[in-house]
Each structure stands twice: as structure tokens, then as C-alpha cells.
Amino acid sequence: MNDGFLKNIADILENARKNAKTAVNLTMVYAYFEIGRIIVEEEQNGKNRAAYGKQILQELSEYLTAQFGKGFSVGNLKNIRQFYRVYAHDQIGETVFSQFENLPVTKTGRRFYLSWSHYLKLMRIDNADERHFYEIEAVNSHELIVVEYTAMCAGKSRSFDEAVTLAE
């Protein structure tokens with residue numbers, strides 16, 4: 001059999017697997033955003049917000065872990081809640097990513113382009129302009145650019161302004 005034929009079939013399957021993984025990951029990002037929204041709304045309905053919020057997360061963690069297994073610790077649920085808080089009113093220039101027009105849109109009009117692990121790192125960046133910069137860079141380069149940001153915060157790399165200058 002022709003090696004090119006075999007390689008072509010293998011490449012198609014590899015690409016399909018990669019696309020499926022990306023689709024599942026993006027679906028989970030949107031699910032986490034919605035879960036975060038529901039948690040925040042439920043907490044805001046509580047009387048003693050701090051104590052009520054802690055109770056909600058603990059009960060939800062126990063319930064989801066029983067239903068779905070690992071991945072729903074109180075710490076992860078805090079990340080999901082924080083994800084919603086950071087991105088609920090955060091808009092990135094949608095025209096930057098016109099190739100992603102078919103992605104879903106949240107109720108707040110936000111599209112997500114990256115994996116959950118990207119957003120876990122990005123949401124640690126307080127400055128929205130910096131966060132957008134690294135999100136755009138990560139989408140364009142298909143790499144976890146925010147690792148460099150973490151190094152910058154530790155004073156081991158370029159500043160954000162230097163990175164922006166180099167990118168221009």
C-alpha cells in the first residue's frame with residue numbers, strides 16, 4: 001500500500017480528534033461561564049452573602065462530584081465563579097477574530113476562543129487591556145502565551161509595554 005495514502009488517512013483522523021477535543025473544551029468553557037453566572041446570581045439572593053456563598057459552593061461541590069465525578073471541588077467552583085465575574089462584562093474586539101463568527105455568544109455578548117486552562121491563567125490579569133492582549137496573542141499563536149505573562153509578573157521577562165511594542 002502507498003505510504004502517502006496511509007499518511008493521508010492518519011492525518012485526517014488526527015485532525016478530527018484535535019477538532020473534537022477543541023470543540024469539547026470550548027463547550028466546557030461556555031458551560032463554566034453559565035455555571036458561574038448561576039452561582040453568582042444564587043449568592044446574590046442569599047442574606048448573609050459570605051456564609052451563604054461558602055455553603056452553596058460546598059453543597060454544589062458534593063452534588064456535582066456525586067453526579068459527575070472529579071473536577072468539581074470547592075476550589076474549582078470558585079474558579080468558575082471568578083471566571084464569570086471577570087468575563088461577564090468583558091468584551092474583546094470581536095472583529096479581531098472574524099474567523100470565529102460561528103462560535104456561540106453568551107447572554108452578555110462575549111465569545112470565548114481558548115481552552116479553560118488559558119482562561120484560568122488569563123483571569124488572573126487584573127488589567128483588561130493586558131488580558132485582551134494575551135488572549136489575542138494566544139489565539140493567534142495557538143500557544144499558552146500567558147505563561148510568559150506569569151514570568152513577567154515575577155520580574156523574569158519583558159514588561160507588558162515591551163511585549164506590546166514588540167508585537168506591533
Side-chain angles (χ1 to χ4, degrees), residues 19-154 159-160 163-164:
N19 288 341
K21 182 179 177 184
T22 299
V24 167
N25 205 326
L26 277 175
T27 300
M28 292 309 297
V29 168
Y30 282 90
Y32 292 157
F33 182 83
E34 280 303 304
I35 292 167
R37 180 186 62 77
I38 293 167
I39 291 170
V40 167
E41 288 175 359
E42 181 65 23
E43 286 177 338
Q44 289 173 348
N45 290 330
K47 293 178 183 171
N48 182 345
R49 290 174 60 184
Y52 186 62
K54 188 175 181 180
Q55 177 188 348
I56 287 174
L57 294 180
Q58 184 61 47
E59 286 183 30
L60 182 59
S61 173
E62 291 169 9
Y63 176 79
L64 292 176
T65 300
Q67 292 285 99
F68 300 103
K70 291 182 180 182
F72 298 101
S73 67
V74 171
N76 281 345
L77 293 174
K78 286 179 181 179
N79 285 334
I80 290 169
R81 179 182 61 192
Q82 182 64 18
F83 177 59
Y84 174 76
R85 287 179 177 161
V86 169
Y87 287 98
H89 303 290
D90 179 84
Q91 296 297 323
I92 193 168
E94 300 298 335
T95 57
V96 174
F97 305 122
S98 60
Q99 70 269 34
F100 299 113
E101 289 175 357
N102 61 339
L103 285 177
V105 180
T106 67
K107 291 177 184 178
T108 62
R110 182 64 151 87
R111 283 191 169 99
F112 297 107
Y113 309 96
L114 301 169
S115 70
W116 178 240
S117 61
H118 281 81
Y119 287 109
L120 281 173
K121 290 182 176 34
L122 284 167
M123 69 183 182
R124 295 178 190 158
I125 303 170
D126 292 331
N127 182 295
D129 290 335
E130 287 184 49
R131 191 169 50 249
H132 294 165
F133 170 80
Y134 286 105
E135 184 173 3
I136 291 167
E137 286 300 303
V139 170
N140 289 336
S141 69
H142 306 291
E143 293 179 16
L144 192 55
I145 295 294
V146 287
V147 169
E148 185 171 329
Y149 173 80
T150 303
M152 281 186 243
C153 287
S159 70
F160 169 70
V164 170

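If you read the sequence from its start, that first residue is 1, and numbering goes on from there.
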query: So, for Val74 and Ser61, which heavy atoms are closest and what is the spacing to 0.1 Å?
result: N-OG, 3.6 Å
- prompt: If you take all heavy atoms of Met123 and Asn79, which pair is closest and at what distance?
  reply: CE-O, 3.3 Å
Listed by chain and number, what are the side-chain contact (heavy atoms from CB on, under 4.5 Å) partners of [X], not counting sequence neighbours?
{"X": "Ala128", "value": "Asp90, Arg131, His132"}
{"X": "Thr27", "value": "none"}
{"X": "Asn25", "value": "Val29, Ser115, Trp116"}
{"X": "Leu64", "value": "Leu60, Phe68, Phe72, Leu77"}

[atom1]-[atom2] distance between [X] and [Y], expressed to the nearest 0.5 angstrom:
{"X": "Ile35", "Y": "Tyr84", "atom1": "CD1", "atom2": "OH", "result": "13.5 Å"}
{"X": "Asn76", "Y": "Leu57", "atom1": "CG", "atom2": "CG", "result": "11.0 Å"}
{"X": "Leu26", "Y": "Arg111", "atom1": "CG", "atom2": "CZ", "result": "12.0 Å"}
{"X": "Ile39", "Y": "Ile56", "atom1": "CD1", "atom2": "CD1", "result": "8.0 Å"}

message: Please determine whether side-chain contact (heavy atoms from CB on, under 4.5 Å) holds for the pair Tyr87 and Leu122, giving the CA-CA distance in whole Å, both sets of side-chain angles, and the decisive distance to 0.1 Å.
response: CA-CA 10 Å; Tyr87 287 98; Leu122 284 167; 3.4 Å; yes
Pairing residues for Gln82 by the side chain to side chain donor-acceptor pair (under 3.5 Å) criterion, not counting sequence neighbours: none
statement: Tyr119 meets the side chain to side chain donor-acceptor pair (under 3.5 Å) criterion, sequence neighbours left out, with Glu135
field: Pairs meeting criterion salt bridge (charged side-chain N to carboxylate O under 4.0 Å, His left out) with involvement of residues 60-71, two or more places apart
entry: none
Pairs satisfying salt bridge (charged side-chain N to carboxylate O under 4.0 Å, His left out), at least one member in residues 28-37, at least two apart: Glu34-Arg37, Arg37-Glu41
query: Quick check: does any side chain N or O of Tyr30 sit under 3.5 Å from a backbone N or O of Phe112, one acting as donor and the other as acceptor?
result: yes
